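A short worksheet on the structure shown next.
Computed from a predicted model, the values in this text were never measured in an experiment. Index from 1, following the sequence.
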Amino acid sequence: MTSTLVPAPADPTTSGHGTAAPPRRTRVLALPEARWAAAALALFLVALPLQLTGAPAWTWAPLYALTYAAGGWEPGWAGLRALREKTLDVDLLMVVAALGAAAIGQVMDGALLIVIFATSGALEALATARTADSVRGLLDLAPAKAARLTADGSEETVAVEDLAVGDTILVRPGERVGADGRVLDGAGDVDQATITGEPLPVAKEPGDEVFAGTLNGTGALRVRVERDASDSVIARIVRMVEEASETKAPTQLFIEKVEQRYSLGMVAATLAVFLVPLAFGAALTGSLLRAMTFMIVASPCAVVLATMPPLLSAIANAGRHGVLVKSAVVMERLGEVDAVALDKTGTLTEGTPRVTDVRPLTGSGLDEAGLLRLAAAAEHPSEHPLARAVLTAAREQGLALPVAEDFDSTPGVGVRATVDGRLVAVGAPARLRADVHGAGTTTAADLAGELEDGGRTAVLVTVDGRPVGLLGVADRLRPDAAATVASLTSRTGAAPLLLTGDNPRAAARLAAEAGIEDVRAGLLPEHKVSAVRELAAAGRKVLVVGDGVNDAPALAAAHTGIAMGRAGSDLALETADAVVVRDELATVPAVISLSRRARRLVVQNLVIAAVFITCLVVWDLAGHLPLPLGVAGHEGSTVIVGLNGLRLLRESAWRRAAG
């Protein structure tokens, strides 16, 4: 059935086009942690000069009190909730230490502790929020509105969230599908590479399934909604990523386990530092001051902050450059990779078809240029990716194309047009061969089989109902594939291997272009898993990069899995630990290097924290550490550790990793 084009609505709000929305970036003051930290800092900066210039206490004491309230109420409340669950939180210890300092007259020192601690929390919250921005911005694929058809046949524009199972929506040419559903009427070619991984648009007819966020090409579709918006493939991806981003790295989990025992031990030690001198006749104020100083300098705040800021910053930086790393666990594990296995279609190839073969049939009277000229002229009015491939090939050869008349496009079949007075048809061999007869039909079928066996898409060209030749169309190797393979080899110390279900001849040809020597072709999904486990059994940490449903088992079995997002299937995206959303293969070695740098910063931070805590504790126990200096040293180390981790947010960090 020839598709019918439906005029687009005049009201732009009714459009379902998948125009990318501007990236949503969380403003600093949109975070409550940042607002409270800013308020505490402002109050402190007003109170401090008043105190230092000898102003009456009534002018600056209330400001300090407000500083304590603004910067300390959130961590204090969180600490009390944790205490109710029989967990001792470091946040609560910091608030208690600040209040203890105020109780013995060190009001300014306690306020400084509150301000610095609140600022550290705000920095961590900002890093987490920017990571979430990257997640939502990169995966915001589905349209916000859809055209719903009512019982009387009229049309209304509704938010996709308001669509219910059983509703019927209209999807015009060039619009994105608003919901997962099934085609009731119409036909069109739908680009669903973002969902299923198929690099070429898929012909859709009544009874076929379509997915929210996929792009309709030619032809209007009436679709019955079969899933709620909250349960669509796109929604599941976003939900899965947001849930995964809340996980923590193994080192962080270890620190949290140690933190509980450490905190309990620190409380016991603080009581000992306070009570033992009292038992030997020391003054109450001096003993309390020493104990408060000990509690502050011995608190493991810097140790706790040593792990997450570098990993979260690396996640945010990778997200800005199109690599969605789902958790700190994954970011840490990427740096351990020492072997890489690559899929072929959609991974080493970019999913953009090009003409690889031009095969005129004997007796057609056409040479390669003549066959390509006729096909390109007939395809010229079409917007199908195969048509673009044919036109690109004709332009590259500098062919002058005649004007096509009486153009007609049938989704799933092909195009027909009158060129130089002859009826030229270009399309799928299986569909067109049913309508043609005579000499060349059997030869065309054999040649189509040969092309398809070689991994190409066969395109049959007929003139006045008689086959005259075939075109072979295939994905092109990504421009950065060879450089990426070389980069992965240098970073891991071993050349990647190619795991593919394609035939050995096609796989070997493409692998040679990419610089891969270890090629394993004709694999079923279980064979890919066996190859990954074989490497793992040899002690290798394997990274698998793929995009299709058949890659999902290998992605799950690997030490780390990365999916190519633009053409990745929903199963691959759910299984993978990271997603290359922009389909830039060169980002894979870059994110490996970024992970390794994050791991180095974690080690640096742990050393910095340990040195500060050890020195300050020894000073306090062996001598007399002034409380202001203890606060400055401890909280200074916390800020240093946090800022050191946030260095990976800089653009230069990504450039260095990519270089």
Inset, instruction - Verify salt bridge (Lys or Arg N to Asp or Glu O under 4.0 Å) between E336 and R540, making sure each step is shown before the conclusion. - result: CA-CA 9 Å; E336 302 172 353; R540 310 297 293 276; over 6 Å; no
Taking the side chain as every heavy atom from C-beta outward, state whether [X] and [Y] have any pair of such atoms under 4.5 Å apart.
{"X": "M564", "Y": "L585", "value": "yes"}
{"X": "P467", "Y": "L460", "value": "yes"}
{"X": "P360", "Y": "V468", "value": "no"}
{"X": "I592", "Y": "L488", "value": "yes"}
{"X": "L451", "Y": "D357", "value": "yes"}
{"X": "D518", "Y": "R520", "value": "yes"}
{"X": "N644", "Y": "Q604", "value": "yes"}
{"X": "L649", "Y": "R320", "value": "yes"}

Between [X] (side chain only) and [Y] (backbone N and O only), is there a donor and an acceptor less than 3.5 Å apart?
{"X": "S313", "Y": "L648", "value": "no"}
{"X": "S487", "Y": "A483", "value": "no"}
{"X": "T392", "Y": "R388", "value": "yes"}
{"X": "T489", "Y": "V485", "value": "yes"}
{"X": "D338", "Y": "K541", "value": "yes"}
{"X": "D208", "Y": "E205", "value": "yes"}
{"X": "T347", "Y": "K344", "value": "no"}
{"X": "R416", "Y": "V426", "value": "no"}
{"X": "T356", "Y": "G472", "value": "yes"}
{"X": "R478", "Y": "T349", "value": "yes"}

When rounded to the nearest 0.5 angstrom, what is the spacing between [atom1] in [X] and [atom2] in [Y]?
{"X": "L646", "Y": "L312", "atom1": "CG", "atom2": "CG", "value": "9.0 Å"}
{"X": "D577", "Y": "L555", "atom1": "CG", "atom2": "CG", "value": "8.0 Å"}
{"X": "E379", "Y": "L374", "atom1": "CD", "atom2": "CG", "value": "12.0 Å"}
{"X": "D180", "Y": "E209", "atom1": "CG", "atom2": "CD", "value": "6.5 Å"}
{"X": "I562", "Y": "L543", "atom1": "CD1", "atom2": "CG", "value": "4.5 Å"}
{"X": "I315", "Y": "L311", "atom1": "CD1", "atom2": "CG", "value": "6.5 Å"}

Inset, instruction - Take L342 and V544 through the test side chain to side chain contact (heavy atoms under 4.5 Å, CB included) and record every step on the way to the result. - result: CA-CA 6 Å; L342 301 171; V544 172; over 6 Å; no
Restricting to non-hydrogen atoms, name the atom on [X] and the atom on [Y] that form the minimum distance, rounded to 0.1 Å.
{"X": "I516", "Y": "L498", "value": "CG2-N, 3.9 Å"}
{"X": "L215", "Y": "G174", "value": "CD1-O, 3.5 Å"}
{"X": "L499", "Y": "A531", "value": "CD2-CB, 3.9 Å"}
{"X": "N605", "Y": "P310", "value": "ND2-CG, 3.5 Å"}
{"X": "A657", "Y": "A590", "value": "CB-O, 3.4 Å"}
{"X": "L594", "Y": "A653", "value": "CD1-O, 4.1 Å"}

Inset, instruction - Show your working on side-chain hydrogen bond (donor to acceptor under 3.5 Å, both in side chains) between S593 and R491 and close with a plain yes or no. - result: CA-CA 8 Å; S593 295; R491 282 166 170 78; 2.6 Å; yes
Inset, instruction - Might you confirm whether atom CD of E513 has over 12 heavy atoms from other residues, nucleotides or ligands at distances under 6.0 Å? - result: yes
Legend entry - Flag if over 12 foreign heavy atoms under 6.0 Å of NE2, H380: no
Legend entry - Steps toward side chain to side chain contact (heavy atoms under 4.5 Å, CB included) verdict (T560, V337): CA-CA 8 Å; T560 312; V337 167; 4.3 Å; yes
Legend entry - CA sep, side-chain torsions, deciding dist, call: R655, R650, side chain to side chain contact (heavy atoms under 4.5 Å, CB included): CA-CA 9 Å; R655 288 199 302 268; R650 297 182 301 182; over 6 Å; no
Legend entry - Working for side chain to side chain contact (heavy atoms under 4.5 Å, CB included), residues L334 and V591: CA-CA 8 Å; L334 278 167; V591 78; 4.1 Å; yes
